[in-house]
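Each remark here refers to the structure printed beneath this line.
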Amino acid sequence: MRWLRENWLDLLIFLLIAVVAAGIVLYLTGVNPFARPKPQAESLPAPSVPASPSPSPAPSPEPAQPVVTVLPLPQAPSASEETGRSPVAPAPQKASQVQAPSQASPPRSSAPPSPTGAYRVVVGAFANPENAARLRQELAQKGYPARLEPAGNLTRVVVGPYASEAQARQVAEALTVYGAQVYRGQGAAPPPAGQVYLQVGAFQKEENALLVAGRLKELGLPVVLVKDGVYRVRVGPVAEAEKEEVKAKVAALGLEALEVR
């Protein structure tokens, strides 16, 4: 006991070092002396289930069919919507009437359709091609077959052509607010005698055509637009004696002018 009283501190340090060393060894070996042993589960025989026909799997619910909304294609307002008259027969039926006159109903107008010409509806004529292009786009959005044609130094907005005068007049009545008038002809009128049109370019996009038209108008040149699949920018009509001078002005803009008769 005397030795224990004199050396108890050394004994305590030795015990502490031994405990730490034992803990390190247990940690490295993965042994947990304080863990409870897990009871082993007794394997029980699976209960016997009488054989029975397996129920057929429940049919999976069919996916809900999406609701499809069919939107009608935009069409030009018929004369019946504006005036309350009976609708005009579509163009394909008119063509069949020309091929088989015996089966066609008589025209509503006393004047028979021209065998060579066609009827058009003039909606307006503008010195500024931008105004003409704006009106043509407005009519096209409503479903009308609108186009641009030169008429002297003006750009004319035309709807058509139509096979009969009666059909053209019904369209003109629907466009009375624009002061529409019916005329018969093959399209754009040729320039006056001794004058020509100079075509500066043809563009797919309307904004490009209007940009070139604006540059030409800044030079004081008469500009017209023609819409026949593409937008054609033309200067004129120009007298024969002045066309070379006009060509030089157009060339100064880096553009080429071609004669159109």
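- Put simply, the side chain of Val121 reaches to within 4.5 Å of the side chain of Val182, judged on heavy atoms.
- Following chains of ILVMFWY side-chain contacts shorter than 4.5 Å, one cannot reach Ile24 starting from Val19, and the two form parts of different hydrophobic clusters.
- Hydrophobic clustering, with ILVMFWY side chains joined whenever heavy atoms are under 4.5 angstrom apart, keeps Val235 apart from Tyr231.
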Q. Between Leu16 and Val20, does a side-chain contact (heavy atoms from CB on, under 4.5 Å) hold up when you go through it step by step?
A. CA-CA 6 Å; Leu16 289 175; Val20 172; 5.5 Å; no

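- Between the side chain of Tyr197 and the main chain of Gly152, a donor-acceptor pair closer than 3.5 Å is present.
- From Glu242, atom CD reaches atom CD of Gln195 across 8.5 Å, with rounding to the nearest 0.5 Å.
- Between Leu175 and Tyr144 there is a side-chain heavy-atom pair separated by less than 4.5 Å.
- Using a 4.5 Å cut-off between side-chain heavy atoms of Ile, Leu, Val, Met, Phe, Trp and Tyr, with links allowed through other members, Val233 and Leu219 fall into the same hydrophobic cluster.
- When every heavy atom of Ala132 is checked against every heavy atom of Leu148, the shortest pair comes out as O-CD2, 3.6 Å.
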Q: List the steps, then state whether side-chain contact (heavy atoms from CB on, under 4.5 Å) holds for Asn131 with Arg134.
A: CA-CA 5 Å; Asn131 296 335; Arg134 188 179 302 112; 2.9 Å; yes

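- Once rounded to the nearest 0.5 Å, the distance linking CZ of Arg232 with NZ of Lys227 reads 10.0 Å.
- Proximity of Val246 to Lys243: side-chain heavy atoms (C-beta onward) are nowhere separated by under 4.5 Å.
- Atom CZ of Arg120 is separated from atom CD of Glu165 by 14.0 Å, given to the nearest 0.5 angstrom.
- Nearest approach of Ala127 to Lys217, heavy atoms of both residues: O-NZ, 3.7 Å.
- Taking CZ of Arg136 as the reference point, atom CD of Gln141 lies at 9.0 Å (rounded to 0.5 Å).
- Scanning both residues, Gly160 and Arg147, for their nearest heavy atoms gives O-CD, 4.5 Å.
- Side chains of Leu198 and Val250 form no contact here, defined as non-hydrogen atoms less than 4.5 Å apart.
- A 4.5 Å side-chain heavy-atom check between Leu210 and Leu225 finds at least one atom pair inside the cut-off.
- Within a 6.0 Å radius of CD in Glu138, more than 12 heavy atoms belonging to other residues, nucleotides or ligands are found.
- When side chains are defined from C-beta on, Pro150 does not count as touching Thr155, because their heavy atoms never get closer than 4.5 Å.
- Under the 4.5 Å side-chain contact rule for hydrophobic residues, Val122 and Leu154 do not share a cluster.
- Separating the CG atom in Leu211 from the CD atom in Glu130 is a distance of 9.5 Å, to the nearest 0.5 Å.
- Val226 and Val223 fall into different hydrophobic clusters, where Ile, Leu, Val, Met, Phe, Trp and Tyr are joined by side-chain heavy atoms under 4.5 Å apart, directly or via other members.
- Within the 4.5 Å cutoff, the side chain of Val230 has heavy atoms near those of the Asp228 side chain.
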Q: Carefully, step by step, assess Leu216 and Leu253 under the rule side-chain contact (heavy atoms from CB on, under 4.5 Å).
A: CA-CA 9 Å; Leu216 294 172; Leu253 297 177; 3.8 Å; yes

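- A pairwise comparison of heavy atoms in Tyr119 and Ala168 identifies CB-CB, 3.7 Å as the closest pair.
- Under the 4.5 Å side-chain criterion, counting only non-hydrogen atoms from C-beta, Pro145 is in contact with Val159.
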Q: Quick one: do Leu139 and Tyr178 satisfy side-chain contact (heavy atoms from CB on, under 4.5 Å)? Show the steps, please.
A: CA-CA 11 Å; Leu139 294 173; Tyr178 298 99; 4.1 Å; yes

